[in-house]
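Keep in mind that what you see is a predicted model, and the values were worked out from it rather than measured. FYI, side chains are in, hydrogens and waters are out, and symmetry mates aren't considered; it's all heavy atoms of this structure. Letters go in sequence order (proteins before strands), and every chain restarts at 1.
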2 protein chains.
Amino acid sequence: MNSSGNSTQLKPTARRIVEQAARLFADQGYDLISMRDIAKACDIKAPSLYHHFSDKQSLYQAVLQAVFAQQNAEIAEVFVTQMAAEEKLHQVILLSARKISSDHVFRQLLWRELLQNDPERMQFLAEEVMAQSCLQLQEILQQIQPNSLQTDSHFAITSVMGLLLFHFQLGAMRQYLPGAQALHQDVDYLAEQIFHMIKSGVVYAPPQRINDK
Amino acid sequence: MNSSGNSTQLKPTARRIVEQAARLFADQGYDLISMRDIAKACDIKAPSLYHHFSDKQSLYQAVLQAVFAQQNAEIAEVFVTQMAAEEKLHQVILLSARKISSDHVFRQLLWRELLQNDPERMQFLAEEVMAQSCLQLQEILQQIQPNSLQTDSHFAITSVMGLLLFHFQLGAMRQYLPGAQALHQDVDYLAEQIFHMIKSGVVYAPPQRINDK
DNA sequence: GTCTATACCGAGATAGAC
DNA sequence: GTCTATCTCGGTATAGAC
């Protein structure tokens with residue numbers, strides 16, 4: 001359990017509220033969680049919450065802000081290392097996989113936001129949460145592929161996101177799908193597979209050129 | 001707008017209710033849609049719904065059943081053609097992409113179910129909805145890859161699912177991510193890219209052997 | 001900053017007439 | 001098979017004491 005909103009510049013009680021609310025919202029969703037539920041988790045009564053947040057929506061916004069800012073900070077760390085591009089991609093995927101698989105709160109909230117597909121929130125998510133990682137990922141990918149070909153880096157980036165998110169969201173369904181083995185519970189193994197699929201997709205046989213810039 | 005529950009063996013009014021409910025549930029989710037909302041969409045009053053379904057949960061179950069059965073039937077058609085394995089994979093991905101991108105109701109309900117991650121429902125989804133397509137996909141993939149290597153077919157299958165689902169769920173966020181172009185709104189183009197990524201992932205350099213059977 | 005008490009609303013569901 | 005009327009519950013949010 002991580003990234004449950006250690007956002008700074010919030011007073012300690014507000015911080016605790018956001019932390020608890022994040023866990024509950026992630027788990028059961030906005031509608032199923034009542035202000036009473038959140039209050040109970042914080043050992044206070046519901047009306048006290050309104051001293052810290054004007055209403056339920058504001059609290060939810062604060063939760064998203066906190067969780068995604070936290071995630072953003074942690075993911076950024078992945079990119080600082082100095083290695084060959086391919087090994088860098090490998091590490092980025094491995095560490096992102098560990099992060100996303102272990103951080104249930106972040107993953108669920110992200111999945112929920114993608115469900116809504118609200119334009120404003122998508123812009124916020126993309127620009128404030130994803131953009132940094134995506135740009136650095138783009139750079140790595142362009143270093144890996146042969147100079148002569150230009151594969152679709154936007155497609156590659158979103159595929160990395162998609163594979164990471166989907167494989168770790170699959171959870172309880174995985175065991176019922178064909179060919180499932182104990183192996184597939186192993187985060188590092190899945191990360192390895194994702195790395196190879198992205199790498200081969202980028203390196204081999206791009207279907208067509210694209211004016212990437 | 002498709003697959004909105006043309007389930008047979010339901011009386012016509014019940015069928016209409018399921019159809020409308022599917023659209024509403026997919027769009028706004030179980031909790032946000034009231035029985036009154038559904039009734040209004042059917043031009044009846046809320047209590048009349050209880051003549052056809054014992055409660056809200058039962059109606060939701062009927063919706064899932066109808067939408068997923070429909071989807072299952074449509075996807076199954078994709079596999080009947082006779083072609084070389086690689087071309088077959090190509091077609092399967094292309095047609096699945098068109099289906100999943102156009103069927104907003106199915107995609108949203110599936111995404112919502114994956115959010116809950118309830119073991120029983122995951123088993124239902126996997127076995128009743130996914131299993132057929134997955135097994136046939138598995139067969140195709142095994143025909144494509146060189147006999148000498150055994151790649152992880154479970155990983156490949158779930159990656160196909162993940163890429164298809166994610167890329168078409170991305171919707172409004174896509175335009176805010178690096179490198180987005182008008183191209184990426186084109187279903188067939190994305191399908192092409194997914195096909196190539198899966199193909200190269202399966203054909204080239206499997207990271208390690210696996211006892212697949 | 002937290003509480004009790006409460007207003008207000010809309011939800012799911014049922015009874016019983018037609 | 002559909003309706004009107006109604007019950008009951010739990011939700012968000014506010015007022016005002018401490």
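As a whole-Å value, the separation of A:Leu49 CG from C:dG1 P is 13 Å. As a whole-Å value, the separation of B:Ile44 CD1 from D:dG1 C1' is 9 Å. Rounded to whole Å, atom P of C:dC9 lies 21 Å from atom CG of A:Asp31. Distance, A:Ile33 CD1 to D:dG11 P: 10 Å, rounded to whole Å. The distance between atom CZ of A:Phe53 and atom C1' of C:dT2, rounded to the nearest whole Å, is 15 Å. Rounded to an integer number of Å, the gap from A:Ile38 CD1 to D:dG11 C1' is 12 Å. Atom NE2 of B:His52 is separated from atom C1' of D:dG1 by 6 Å (rounded to the nearest Å). Atom P of nucleotide C:dA11 and atom OH of B:Tyr50 are separated by 11 Å, given to the nearest angstrom.
Remark: B:Lys56 is not in phosphate contact with C:dA11, judged by side-chain N or O atoms under 4.0 Å from OP1 or OP2. Taking 4.0 angstrom as the limit, A:Ser34 places none of its side-chain polar atoms (N or O) nearer than this to OP1 or OP2 of D:dG10. The shortest distance between the side-chain N/O atoms of A:Arg36 and the OP1/OP2 oxygens of D:dT12 is not below 4.0 Å. Residue B:His51 has no polar side-chain atom (N or O) positioned under 4.0 Å from OP1 or OP2 of D:dT2. In this structure, A:Lys45 does not reach the C:dT2 phosphate: none of its side-chain N or O atoms is under 4.0 Å from OP1 or OP2.
Two residues, A:Leu32 and A:Ser54, neighbour DNA chain D, and the one matched to the more 5' nucleotide by heavy-atom proximity is A:Leu32.
Using cut-offs of 30° and 60° for the angle between ring planes, the A:Tyr30 and A:Tyr60 rings count as perpendicular. By the 30° and 60° cut-offs, the orientation of the rings of B:His154 relative to A:His184 is tilted.
A:Arg15 and A:Glu19 are joined by a salt bridge, as a carboxylate oxygen and a charged side-chain nitrogen come within less than 4.0 angstrom of each other.
Within the 4.5 Å cutoff, side-chain heavy atoms of A:Leu89 are placed close to those of A:Leu137.
The residue A:Ser48 sits close to a base: some heavy atom pair falls under 4.0 Å.
For A:Lys11, counting side-chain heavy atoms from C-beta on, the closest listed nucleotide (C:dG1, D:dT4, D:dA13) is C:dG1.
Checked against a 6.0 Å centroid threshold, the rings of B:Phe166 and A:Phe166 do not count as neighbours.
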